[in-house]
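A quick note: this is a predicted structure, and the numbers were derived from the prediction, not measured. In the text below, chain A, chain B and the rest are named by the order of the sequence lines, each starting its count at 1. Only this structure's heavy atoms are used, side chains among them; waters, hydrogens and symmetry mates stay out.
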2 protein chains.
Amino acid sequence: MTHSQQDQELHAVTLEQPTLAAACDAIADGIDREALVTVFGRCTVEYDGRASSTLDAGDRHVMLKPDGAALVHTDEGQQPVNWQPPGCDHEVFCERRDADADRSDAAETAGGTATETETETETETTETLTLESVRSTPGERLLVRFRNVLQVSAFSGTDETELALSGTEEDLRQRLLDEPDLLEPGFTPLATERDTAAGAIDIYGEDDAGRTVVVELKRRRVGPDAVSQLRRYVDALGRDLHADATVRGILVAPSVTDRAKRLLTEHGLEFISLEPTAA
Amino acid sequence: MTHSQQDQELHAVTLEQPTLAAACDAIADGIDREALVTVFGRCTVEYDGRASSTLDAGDRHVMLKPDGAALVHTDEGQQPVNWQPPGCDHEVFCERRDADADRSDAAETAGGTATETETETETETTETLTLESVRSTPGERLLVRFRNVLQVSAFSGTDETELALSGTEEDLRQRLLDEPDLLEPGFTPLATERDTAAGAIDIYGEDDAGRTVVVELKRRRVGPDAVSQLRRYVDALGRDLHADATVRGILVAPSVTDRAKRLLTEHGLEFISLEPTAA
DNA sequence: GGATTAATTTCGCCG
DNA sequence: CGGCGAAGTTAATCC
């Protein structure tokens with residue numbers, strides 16, 4: 001438990017307004033030490049892998065995690081504008097680079113007089129700091145190129161705790177298994193995750209008349225997709241069992257949309273309103 | 001265009017090892033100035049809203065965005081361990097708080113001698129820095145309580161750019177519309193997003209024999225859910241049109257899983273392999 | 001590693 | 001604001 005405790009000791013190293021070379025060293029050191037590294041500054045971003053994307057120059061916050069994840073955040077949105085999943089190798093390097101290569105904010109100079117001769121034809125070279133995160137299976141690559149870095153930080157710490165979450169579909173399942181009458185009086189659960197040719201049924205059981213019941217659980221209000229899912233299981237189970245067997249399909253969720261309600265009716269399926277947690 | 005340019009000028013303010021009071025002031029100031037604020041330190045996290053969760057003390061990186069988003073990141077994973085969507089109000093305050101309230105790392109003291117009398121019964125009060133992000137519709141609240149703050153930063157900048165992304169389902173749709181023969185010779189697209197009682201069809205058209213065709217597009221390998229979706233649209237369209245109309249359903253994707261293939265066959269649906277981008 | 005499905009999914013579009 | 005479906009979804013679980 002105490003091995004490499006020094007590496008995980010809580011501390012943070014920060015550089016403000018560093019030169020690109022100094023930023024590069026600090027980032028490389030942070031990656032080596034398996035710290036959580038953040039970089040803030042003006043950058044462009046390129047991604048290529050499952051899809052492809054480019055992002056022109058803007059001010060963004062980049063986070064490199066020791067597990068290989070990379071996150072590029074703008075000042076808006078919960079989701080990063082670009083990212084890389086855990087399992088990547090992070091690299092950082094400085095290079096002299098032709099400034100014309102990413103002239104992303106040069107377009108704003110429109111409307112000038114025709115006599116303007118300020119078209120910059122000389123090849124300005126600028127130093128650039130590049131972050132590269134690569135993984136395979138599937139092969140994908142993220143490139144973040146900074147021309148200005150305002151801050152670099154490397155954070156170390158420990159987090160051995162696990163999130164305790166309630167209100168999930170699993171909670172709803174337990175609630176129904178603990179009190180099957182919540183579905184309807186006489187319902188008897190026989191199996192969970194029962195496999196069919198179309199996938200696994202959440203709860204498989206029978207009603208008080210001995211009819212087979214397929215229960216599909218959703219932790220929140222459901223739409224047409226959940227109805228299709230239930231229908232798929234009912235169909236498959238009907239095929240798996242004797243052809244003449246009656247199979248009831250019951251969707252359990254807090255509520256359904258109108259369209260879902262209609263689809264349920266069309267296919268002879270039922271709905272029971274129930275939430276993951278009581279009260 | 002130049003209004004409040006000073007507010008958006010690129011800069012970063014950082015405090016290292018601040019007192020909780022100083023951290024509180026800096027965070028409050030950053031929120032006021034609509035900066036992107038980050039806090040690193042040891043904290044506990046509570047969430048209550050669409051679900052509920054608690055997280056014991058650990059070292060984490062918290063980001064507060066000016067649009068109201070909040071992100072709590074550990075050193076692992078692409079996803080934040082806790083978060084709040086855009087649209088929240090961020091608040092920060094310091095308070096003296098009973099240390100027993102969250103004694104989350106006191107459990108590690110096991111294995112001591114039986115004569116230990118160090119059980120801290122005196123009520124230690126500790127100053128605590130609390131971040132609170134709240135929104136309504138749906139009502140949900142995130143609480144992050146720090147007992148130590150190692151760093152606070154406030155970042156300002158501009159990002160007017162938009163991500164240019166390719167390899168999406170929209171690309172696949174355009175590819176098929178530009179060259180309908182990629183589906184099959186003689187296919188004629190008639191509409192996109194054609195509405196049915198079960199939802200909108202990606203591409204609606206007819207084959208060279210005049211039969212109605214429903215095309216469902218997926219940018220990547222598909223499983224049973226996509227087959228269900230296609231089936232839903234074919235069923236609905238069959239109901240919408242004359243009862244005797246023949247409706248073909250074609251799934252277009254790079255590939256399908258075995259189970260999906262089986263479901264397609266069972267329901268008389270077809271599959272064409274095609275990727276979002278050529279080559 | 002692939003398949004399947006949940007998720008505090010998030011996000012965008014549209015009525 | 002709610003409904004609906006895509007997403008470079010991510011993440012967990014099972015095989």
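We find that Arg219(B) and Glu275(B) are not joined by a salt bridge, their nearest charged nitrogen and carboxylate oxygen being 4.0 Å or further apart. A salt bridge does not link Asp48(A) to Arg141(A): none of the charged nitrogens lies less than 4.0 Å from a carboxylate oxygen. A salt bridge does not link Arg147(B) with Asp59(B): every distance from a Lys NZ or Arg NE/NH1/NH2 to an Asp or Glu carboxylate oxygen is 4.0 Å or more. Classification of Glu46(B) and Arg145(B) as a salt-bridged pair holds, one side-chain N sitting under 4.0 Å from a carboxylate O. Using a 4.0 Å cut-off between charged nitrogen and carboxylate oxygen, Asp225(B) and Lys218(B) do not count as a salt-bridge pair.
With sequence neighbours excluded, no residue forms a side chain to side chain contact (heavy atoms under 4.5 Å, CB included) with Ser136(A). With sequence neighbours excluded, the residues satisfying side chain to side chain contact (heavy atoms under 4.5 Å, CB included) with Pro189(B) are Leu177(B), Pro180(B), Phe187(B), Ile203(B). For Arg220(B), the salt bridge (charged side-chain N to carboxylate O under 4.0 Å, His left out) test picks out no residue, with sequence neighbours left out.
Rounded to whole Å, atom P of dA7(C) lies 10 Å from atom CG of Leu217(A). Across the protein-nucleic acid pair, Glu170(B) atom CD and dT9(D) atom P stand 16 Å apart, rounded to whole Å. Computed from coordinates, the Leu172(A) CG to dT5(C) C1' distance equals 15 Å when rounded to whole Å.
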Filtered N/O pairs between nucleotides 3-5 of chain D and protein, under 3.5 Å:
{"from": "dG3(D)", "atom 1": "OP1", "to": "Arg221(A)", "atom 2": "NE", "distance (Å)": "2.8"}
{"from": "dG3(D)", "atom 1": "OP1", "to": "Arg221(A)", "atom 2": "NH2", "distance (Å)": "2.3"}
{"from": "dG3(D)", "atom 1": "OP2", "to": "Arg221(A)", "atom 2": "NE", "distance (Å)": "3.0"}
{"from": "dC4(D)", "atom 1": "OP1", "to": "Arg259(A)", "atom 2": "NE", "distance (Å)": "3.0"}
{"from": "dC4(D)", "atom 1": "OP2", "to": "Thr257(A)", "atom 2": "OG1", "distance (Å)": "2.6"}
{"from": "dG5(D)", "atom 1": "OP1", "to": "Ala198(B)", "atom 2": "O", "distance (Å)": "3.4"}
{"from": "dG5(D)", "atom 1": "OP1", "to": "Tyr233(B)", "atom 2": "OH", "distance (Å)": "3.0"}

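Between dC4(D) and dG8(D), the two P atoms lie 23 Å apart (nearest whole Å). Going from the P atom of dT4(C) to that of dT8(C) covers 23 Å, rounded to whole Å. When the C1' atom is used for both dA7(D) and dA11(D), the distance is 14 Å, rounded to whole Å.
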Open item on the list: Across nucleotides 8-15 of chain C, 5' to 3', mark each nucleotide with B, S or - according to how protein heavy atoms within less than 4.0 Å reach it.
Closed with: BSSS----
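Between the side chains of His73(A) and Lys65(B), at least one donor-acceptor pair of N or O atoms lies under 3.5 Å. Side-chain N/O atoms of Arg173(B) and Thr192(B) include a donor and acceptor closer than 3.5 Å.
Applying a 4.0 Å cut-off to non-hydrogen atoms, none of the residues of residues 267-275 of chain A approaches DNA chain C.
For the pair Ile27(B) and Leu64(B), the minimum side-chain heavy-atom distance is below 4.5 Å.
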